[in-house]
2 protein chains.
Amino acid sequence: MTKYATKILEIVESSHSHMTADQIFDALRRTYPTVALATVYNNLNRLWQEEKIHKVSVEGMPDRYDRVERHDHLVCKKCGRLLDVDLGDLTAQLERAAGLSILSYDLKLIYLCDECRSDTEQKGM
Amino acid sequence: MTKYATKILEIVESSHSHMTADQIFDALRRTYPTVALATVYNNLNRLWQEEKIHKVSVEGMPDRYDRVERHDHLVCKKCGRLLDVDLGDLTAQLERAAGLSILSYDLKLIYLCDECRSDTEQKGM
DNA sequence: AATAGAATTAGAACAATTCTAAAATTGGTG
DNA sequence: CACCAATTTTAGAATTGTTCTAATTCTATT
């Protein structure tokens, strides 16, 4: 673990805000002002392969990074906002229902966040 | 619905293979050899907004398109291969567990496809 | 046939990410 | 410490997937 990898892991784990590579780059530059964006991508990929961080993908948006402890997500259908939610470990149930063994799963609950809901109501939709 | 939109919808619905925009472009060109890629993106976006097709996003891969009837997915952790699986409609359970109301959900079971599993075993992993 | 509105086109532009090759850093070993 | 090899970082170019733009074509209506 190099100093950059260490700090990047720290940033990803301490922020629960699902940052993009670019946001992590900005945050990292506050500590190491000369770091290159490629270093961020290198280390994010390495940490991801080593399963030290998670990647969250929502259609049409840049990948976001997340701590690795199991939990699920709420995704706003309108604005893509991402929030944590934890429904507990459903692996056993899912395996039973699917009739095969899985490594893990990725569960996103699609909803309308408060902000988007009030936008929608305003416009009488 | 224009002729392109109609044909694109037909391609997406008839193939259960989760095609990328590019693959849909190729397929469409077999019927309309002069069609432009932008037309494919325009129509895919339109159909998606009208909720006539689904978009499936896996980290690091181009978006893939899918029929809209509810079903879940198996995603191979190694190669990203996507297969359909249907665990039934879990909306009610998930809402109960999460304590809020949702529009829908996106469930991916992560596994190793047969091919990747035998690769893995060969290398003694 | 004239017109307006929508759809399509080609290609440029853009954003996110990966690649490349060179330079810097790190960790042993003699 | 001095050397070497391996790893990491760097800057910038390249690639990929997608969107944008403005001109053109198509369609439907008068």
Side-chain angles (χ1 to χ4, degrees), chain A residues 1-12 15 17-66 75 77-82, chain B residues 1-12 15 17-66 75 77-82:
Chain A
M1 289 282 286
T2 67
K3 65 178 179 178
Y4 291 125
T6 306
K7 187 68 188 172
I8 287 171
L9 183 56
E10 196 184 308
I11 289 169
V12 170
S15 136
S17 66
H18 311 100
M19 299 165 89
T20 62
D22 223 62
Q23 292 170 330
I24 293 167
F25 178 48
D26 286 344
L28 186 61
R29 273 202 291 192
R30 289 203 263 284
T31 309
Y32 300 110
T34 64
V35 72
L37 180 56
T39 301
V40 173
Y41 277 105
N42 285 346
N43 282 296
L44 284 173
N45 282 334
R46 186 158 8 202
L47 290 166
W48 178 61
Q49 275 162 32
E50 292 166 357
E51 314 212 6
K52 297 206 178 87
I53 59 177
H54 240 66
K55 229 188 240 193
V56 186
S57 177
V58 174
E59 352 84 322
M61 332 200 105
D63 287 346
R64 287 176 268 186
Y65 295 86
D66 201 0
V75 184
K77 179 169 194 161
K78 252 295 187 36
C79 68
R81 185 189 311 252
L82 207 55
Chain B
M1 289 283 285
T2 66
K3 67 179 178 177
Y4 292 124
T6 305
K7 187 69 189 171
I8 288 171
L9 182 55
E10 197 184 308
I11 289 169
V12 170
S15 135
S17 66
H18 311 101
M19 300 165 87
T20 62
D22 224 62
Q23 291 170 329
I24 293 167
F25 178 49
D26 286 344
L28 186 61
R29 273 202 291 193
R30 290 201 264 285
T31 309
Y32 301 109
T34 63
V35 73
L37 179 57
T39 302
V40 173
Y41 276 105
N42 285 344
N43 282 297
L44 284 172
N45 282 334
R46 187 158 12 209
L47 290 166
W48 178 60
Q49 275 161 33
E50 292 166 357
E51 315 213 7
K52 297 206 177 88
I53 59 178
H54 240 67
K55 229 186 239 191
V56 186
S57 177
V58 175
E59 353 83 322
M61 331 200 104
D63 286 346
R64 287 175 270 185
Y65 294 87
D66 200 1
V75 183
K77 178 168 195 161
K78 254 291 190 38
C79 68
R81 185 188 311 251
L82 207 56

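Residue numbers begin at 1 in each chain, while the letters A, B, ... track the order of the sequences. Predicted, not measured: the structure shown is a model, and the values here were computed from it.
Contact annotation: A/N43 reaches the phosphate of D/dT9 (side-chain N/O to OP1 or OP2, under 4.0 Å). Note on A/T2: every side-chain N or O is 4.0 Å or more away from OP1 and OP2 of C/dT26. Between A/Y41 and C/dT18 there is no side-chain N or O to OP1 or OP2 distance below 4.0 Å. Checking the phosphate oxygens (OP1, OP2) of D/dT7, no side-chain nitrogen or oxygen of A/R46 falls inside 4.0 Å. Remark: B/N42 is not in phosphate contact with D/dT19, judged by side-chain N or O atoms under 4.0 Å from OP1 or OP2.
To the nearest 0.5 angstrom, A/N43 atom CG is 9.0 Å from A/I53 atom CD1.
Rounded to an integer number of Å, the gap from A/W48 CH2 to C/dT17 C1' is 13 Å. Protein atom CD of B/Q23 is 15 Å distant from nucleotide atom P of D/dT16, rounded to whole Å. The distance from atom CZ of A/F25 to atom C1' of D/dT9 is 12 Å, rounded to the nearest whole Å. B/Y32 has its OH atom 14 Å from the P atom of D/dC26, to the nearest Å.
Residues B/V35 and B/Y4 share a closest heavy-atom pair of CG2-CE2, 3.6 Å. Nearest heavy atoms, B/M61 versus B/C79: CE-O, 3.7 Å. Across every non-hydrogen atom of B/V40 and B/I8, the tightest pair is CA-CD1, 4.0 Å.
Closest to the side chain of B/T39, out of C/dT9, D/dT10, C/dT18, is C/dT9. Side-chain atoms of A/P62 lie closest to C/dT17 of the nucleotides C/dT17, C/dT9, D/dT10. Comparing C/dT9, D/dT18, C/dC19 by their nearest atom to the side chain of A/A38 picks out C/dC19.
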### Message
The test is side chain to side chain contact (heavy atoms under 4.5 Å, CB included); show your working for A/N45 and A/K55 and say whether it passes.
### Response
CA-CA 10 Å; A/N45 282 334; A/K55 229 188 240 193; 3.8 Å; yes
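Toward the 5′ end of DNA chain C lies the nearest nucleotide of B/Y4, the other residue of the pair A/T20 and B/Y4 mapping further downstream. DNA chain D is contacted by both B/K3 and B/M61; B/M61 maps to the nucleotide lying nearer its 5′ end (nearest heavy atom per residue).
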